[in-house]
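Since we're looking at a predicted model, the values are computed, not measured.
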Amino acid sequence: GGGTCQESSTLYNVLIQLPKIDITQRRPHGGGGASYLPIHCDAAVGNPALNLKFVNRYDFPIRIEGRSNDDGALLMLIYRAH
């Protein structure tokens, strides 16, 4: 596993913790899901019908930053944009 679905799944798991972010489109991988996450905690992407979409309902814009290093770890940060 990995690639764009790892990024979207990591972002999804951050977004569901924010009360004013609404997930409007998300589909898990079929079968047992992504091997690197608990079942149904992933967000598969790949085409317009298989995508992660969300709406920011905060009264301020947000900034999303992704970081990775050579060991394969992925960090997603969400900030209040200024």
Looking at [X] and [Y], what are the two nearest heavy atoms and their distance?
X     : Y     : answer
Met76 : Ile64 : SD-CG2, 4.4 Å
Val45 : Leu52 : CG1-N, 3.8 Å
Ala44 : Cys5  : CA-SG, 3.9 Å
Pro28 : His40 : CG-ND1, 4.2 Å

Linked, directly or transitively: [X] and [Y] (ILVMFWY side chains, under 4.5 Å):
X     : Y     : result
Tyr79 : Leu75 : yes
Leu50 : Ile23 : no
Val14 : Phe60 : yes

Could you check whether Arg26 makes a cation-pi contact with Tyr12, meaning its NZ or CZ is under 6.0 Å from the centre of the six-membered ring and within 45° of the ring axis?
yes
Quick one: does [X]'s side chain have a donor or acceptor within less than 3.5 Å of a partner on [Y]'s backbone?
X     : Y     : answer
Ser68 : Leu74 : no
Asn13 : Cys41 : yes
Asp22 : Thr24 : no

Please round to the nearest 0.5 Å and tell me the distance separating atom CG of Leu15 and atom NZ of Lys53.
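Those atoms lie 15.0 Å apart.
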What's the spacing between Asp42 CG and Arg27 CZ if we round to 0.5 Å?
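Asp42 CG to Arg27 CZ: 10.5 Å, rounded to 0.5 Å.
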Evaluate the criterion side-chain contact (heavy atoms from CB on, under 4.5 Å) for residue pair Leu11 and Phe54; output intermediate values, then yes/no.
CA-CA 11 Å; Leu11 179 58; Phe54 60 93; 4.3 Å; yes
So if I apply the side chain to side chain contact (heavy atoms under 4.5 Å, CB included) rule between Ile21 and each of Ile16, Ile78, Val55, Ile62, which one comes out positive?
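Option passing the side chain to side chain contact (heavy atoms under 4.5 Å, CB included) with Ile21: Ile62.
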Within the 4.5 Å heavy-atom criterion, are Leu18 and Tyr58 side-chain neighbours or not?
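Side chain of Leu18 against side chain of Tyr58, heavy atoms only: contact under 4.5 Å found.
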Verify the neighbour count for atom CG of Asp71: are there more than 12 heavy atoms of other residues, nucleotides or ligands below 6.0 Å?
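More than 12 heavy atoms, drawn from other residues, nucleotides or ligands, come within 6.0 Å of this atom.
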